[in-house]
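Remember, predicted model here, so these are calculated numbers, not experimental data. Letters go in sequence order (proteins before strands), and every chain restarts at 1. In what follows, every heavy atom counts, from backbone to side chain, and hydrogens, waters and symmetry copies are set aside.
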Amino acid sequence: MELYTPSLIEPKWQAYWAEHRTFKTPEDPKLPKKYVLDMFPYPSGAGLHVGHPEGYTATDIYCRYMRATGHAVLHPMGWDAFGLPAEQYAIQTGTHPAVTTQKNIATFKRQIQALGLSYDWDREVDTTDPAYVKWTQWIFLQLFRRGLAYQSEKPVNWCPALGTVLANEEVIDGKSERGSHPVIRLPLRQWMLRITAYADRLADDLALVEWPDSTKTMQEEWIGRSEGAEVKFPLTDGNGELEIFTTRPDTLFGVTFMVIAPEHPYVERLTTHDQKAAVEAYAHQAINRSDLDRRAAKEKTGVFTGGFVINPLTGVQVPVWVADYVMMGYGTGAIMAVPGHDQRDFEFARKFGISVVQVVSPDGSRIPGEMAEAMTEEGVAVNSGAYDGLSTGDFKKQVTEDLEMSGQGKLRVEFRLRDWVFSRQRYWGEPIPIYFPVESDGDPRTGAPHTIRYDLPMPVDEFELPLCLPELEDFNPGEDPAGTLARAVDWRFFQKDGLWYARETNTMPQWAGSCWYYLRFMDPQNPEAAWSQEAAKRWLPVDLYVGGAEHAVLHLLYARFWHKVLLDAGHLNVAEPFAKLVHQGMILGEVEYTGYQFSGNFVSRELIEANPEGGFRHKGTGDEVEVVRVPEDATEKKGGNVVLKADSSIVVDARAFKMSKSRGNVVNPDEVIAAHGADALRLYEMFLGPLEATKPWSTHGIQGVSRFLERCWNLGQKPAWDVRPDGELLRLMHKTLRKVGEDIEALRLNTAISAMMIYLNELAKADPLPREALEMLVRMLHPFAPHLAEELWETLGHTPSLQAVPWPAFDPALCVDEAITVVVQVNGKVRGRVSLPVDASPEQRREAALACPEAQNFLEGKEIVKVVVPANGTLVSIVVK
RNA sequence: GCGGGUGUGCUGGAACGGUAUACAGAGCAGACUUAAAAUCUGCCGGGAGUAAUCCCUUGUGGGUUCGAAUCCCACCACCCGCACCA
């Protein structure tokens, strides 16, 4: 008998599929379509990770099943290939990022192909390919023409030493996280995309898609729609008014002060002479604090401006303060403060001794004396003049109408979502296809004095696209905030009709390419357009999109935004790009056991706490303790804890961690394939648990599926006979067919595999082995372990490919057992079982249950109160007293 | 702090409100073998009992129900997201 040797059969079938274009997307328009998409990877230098094949295998199984059930399947793969690591590597080594990128793509592609994934490789796209960049830039121009791409001078964290803009997370105490270089808040010219113009539709249309609720919620919260009122508070000098936004206009009678952001344009106007020095010092200090610092501050800070405004409803003069808990970027950058009913305002009032007034009550009664805490819930108005007694909801509606009538306010909807900063001062990204006139006395390339008119952006003509990156020797960002490309003067400056122009030197962020790759896949080679109308009509929306939850907001929100813009521009026909979304869970490293030691002696887990400065310490003594790895076989489970075998009073930690290079717990798919084969890796990752769950990898666990595949192989080598399967085996075969099909459709791949294992266990006992029953196993196994299935199919005397064989149908009549076992419960406890024919009536079940001998002991001498016979249940419940 | 999720044998996990622990892994025992590996067979939540059998068990405590891992309430632990958003 031949041995199961994955290393022989897997390359054979991979070559067969490639040669025969087995997974080419069918053109036949009569077939129902399925567009199944994986989030394409960034081809990093580290190569594929076992996390990648998880989602890819799930969609592969789904696609192979869908092809076998008569669907035209579009299942493409490509590369999200612009990005920082290749550029960092270029800075260090001088290797052009394009070279590194192509090398990494080749590795990724080899690894993905070694998994036997059924992609239509004729549709491969690479975001760095000029033929792709051309259309990314074309989409940018669509945005620009529609006024959705604009420039702004937004203050950003600029680090001159590192020559780049840093994210807020990368700035600690005003210094760069790496190297502690000073970071300054610099207003830098940036390209922005007006995603806020689509905020409403991005929130509303979440109702149209079948996505995990958690992801929908995250997007909703990110967009942060809130309805409220804009209210105008006139300045006491009669010279204008301070506009605020509030979601609680019903608390207008409780306003005891106002707060404006340090950046607010009215700061100067409202500040009195006496307060000028204090306000200026505070504002200067606050503006230079990074957002992170501002957030980390526990205590409220602020300064009184000396100025007052008038409450439009009460006519009372209200003092105006400057405080950094109010931000310029949201609403109007100014608030009415109601300390009685807002936690932040309450804290501020407490600190600065401002009075607190109650204007909402749970039941209409007033709290005697000072309020001890802010009451933020809704209720009934008190202390609010003519509005007293109104519920919060009615009050809001009424007062908003009243303010609108008198021109003092109006309904307003605010979003937390901000416009998208779309430019990067980096090399390895798509150039933004914009140029500007240059006022110059000579050749600006040779240093002639010149002024770039950034206020007059001009789009590059479409026929000139793609606008490619210039060649550079040095990829270092340098000190010029205009970006790396500013140094490529021959590329940057050009002459047209005797006038000088300068190209935009910022590039697009990595998100750009991934915003529309699913569209290019529909028509990837089209030289005339980014995609054809026919392709869009045929394939959109994506029916199933599988990828990590880490993209829940950013990528998925950006892509939806571009999609809607392109829809409005008439290039698309469906409102949402991704009809159904599934996040595969993370695969963690192998479980690790860690103990804590102080001067060589183990200390039990419960005596340890995290040290605020990092590391761990003894709770009692405060001594720093050492974290040590403990081998698994030195531990055992006791009670709810894992303890040392040597000393069961020492509790240790047992948990799995995210795979990371630094932890050294990364599992390399190449090694797993070499040891067990791609089919085993595929099957193992699917068998591990539900697709969406976070699961730890276990080296032992792969043995189980490996054995299963081997047993399938061995069975396939045994002589099969042309006898019809019958009896229990036949019924099990049909039940398994049904379950496997249903489970694949619902992506419950772990339970589909266990159903096949059960079927195999039964099939292996059959003697003689019925050919049909064996062939069904091979056909069911095909989406999961395609190499093995193709090989067995050929061994059984069939012509490849198994992919062309339709999915076998099950017979519902054979999916039920011949006899049913009815469980007899007495007072909710199982007391016996009776066997009855399938078609036994409820009355027969009831009688049989009451006659059940084992149950008699529990019925004797008792009064039967009730007998429950559930409609389609295999159970009878007897209640006695 | 707010929002969401998860909690089941030694481990990964299974279970339309209806026989909890399917299917695997690890472990133990046996067969085959000179031996080991591989393979095959059996056992495998805890407790009591010679046994038939009984009692307990799905993070903890309540509730709804003939019946709860599943539904409801409170709490605990862990994970993820957001975090002065007016």
Side-chain angles (χ1 to χ4, degrees), chain A residues 3 212-218 220-222 224 226 228 244-248 251 259 261 294-298 300 323-327 329-338 342-345 347-348 414-418 549-550 552-553 585-586 588 591 632-633 635-638 640 642 654-656 684 687-690 692-705 707-708 710-711 714 748 750-758 760-761 764 821-833 854 857 865-870 872-880:
Chain A
L3 285 175
D213 284 340
S214 57
T215 304
K216 284 193 187 183
T217 308
M218 271 158 84
E220 261 162 31
E221 287 175 354
W222 190 266
S226 63
I244 59 97
F245 170 73
T246 179
T247 54
R248 293 293 298 272
T251 58
V259 183
R294 256 165 99 154
R295 259 186 261 141
K298 287 183 191 88
K300 295 265 178 300
D324 67 3
Y325 81 90
V326 170
M327 281 162 300
Y330 185 78
T332 61
I335 62 156
M336 60 179 219
V338 185
D342 182 282
Q343 189 56 40
R344 298 150 300 190
D345 298 345
E347 284 166 21
F348 193 86
E414 263 302 317
F415 295 93
R416 224 192 59 142
L417 185 70
R418 308 292 157 84
E550 66 272 21
V553 173
M586 210 188 322
L588 304 175
V591 174
E632 186 185 353
D633 53 17
T635 67
E636 62 184 349
K637 189 136 181 197
K638 195 184 156 199
V642 180
R655 55 170 289 214
Y684 176 60
F687 188 59
L688 212 48
E692 298 87 344
T694 304
K695 321 158 267 264
W697 179 270
S698 149
T699 304
H700 286 306
I702 199 163
Q703 291 293 340
V705 292
R707 273 180 212 150
F708 167 68
E710 218 160 300
R711 295 181 66 204
N714 292 342
R748 288 187 303 253
N750 53 331
T751 51
I753 294 167
S754 78
M756 288 189 288
M757 286 174 167
I758 293 169
L760 171 72
N761 289 346
T821 303
V822 172
V823 169
V824 183
Q825 286 187 350
V826 180
N827 283 354
K829 289 200 162 133
V830 179
R831 297 302 183 186
R833 293 173 177 81
E854 294 94 335
N857 302 335
V865 180
K866 194 169 167 186
V867 179
V868 183
V869 186
N872 50 357
T874 53
L875 176 141
V876 175
S877 185
I878 304 167
V879 187
V880 298

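Every residue meeting the side chain to side chain donor-acceptor pair (under 3.5 Å) condition with A/T751, not counting sequence neighbours, appears here in chain and number order: A/D743. In this structure A/R248 satisfies the salt bridge (Lys or Arg N to Asp or Glu O under 4.0 Å) test together with A/D250, sequence neighbours excluded. Applying the side chain to side chain donor-acceptor pair (under 3.5 Å) criterion to A/K695, with sequence neighbours excluded, gives A/E54. When the side chain to side chain contact (heavy atoms under 4.5 Å, CB included) test is applied to A/E692, the partners found at least two apart in sequence or on another chain are A/V582, A/P690. Looking at residues two or more places apart in sequence or on another chain, you find a side chain to side chain donor-acceptor pair (under 3.5 Å) between A/S226 and A/Y330. Every residue meeting the ring-ring contact (aromatic ring centres under 6.0 Å, His included) condition with A/Y684, not counting sequence neighbours, appears here in chain and number order: A/W697. Residues meeting the side chain to side chain donor-acceptor pair (under 3.5 Å) test with A/N761, sequence neighbours left out: A/R711. Evaluation of the side chain to side chain contact (heavy atoms under 4.5 Å, CB included) rule for A/Q703 yields A/H676, A/R707 as partners, not counting sequence neighbours.
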- With the sugar-phosphate defined as primed atoms, P, OP1 and OP2, and the base as all remaining atoms, what B/S/- string results for nucleotides 18-23 of chain B, 5' to 3', for protein heavy atoms under 4.0 Å? BBS-BB
At a cut-off of 3.5 Å, list every protein nitrogen or oxygen paired with a nitrogen or oxygen from nucleotides 56-64 of chain B, distance to 0.1 Å.
unit_1: B/rC56; atom_1: OP2; unit_2: A/K829; atom_2: NZ; d: 3.4

Any protein N or O atoms within reach of nucleotides 37-48 of chain B? Criterion: under 3.5 Å, listing atom names and distances.
unit_1: B/rU39; atom_1: OP1; unit_2: A/R707; atom_2: NE; d: 3.4
unit_1: B/rC40; atom_1: OP1; unit_2: A/R711; atom_2: NE; d: 3.2

- Message: For RNA chain B, please output the secondary structure as dot-bracket, reading 5' to 3'. Pairs are Watson-Crick or G-U wobble, both atom distances under 3.5 Å; mark crossing pairs with [ ], other-strand partners with |, unpaired with a dot.
- Response: (((((((..(((.....[....))).(((((.......))))).((((....))))..(((((..]....))))))))))))....
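For the pair A/E221 CD and B/rA83 P, the computed distance is 10 Å after rounding to whole Å.
Using a 4.0 Å heavy-atom distance criterion, A/R418 is classed as a base contact.
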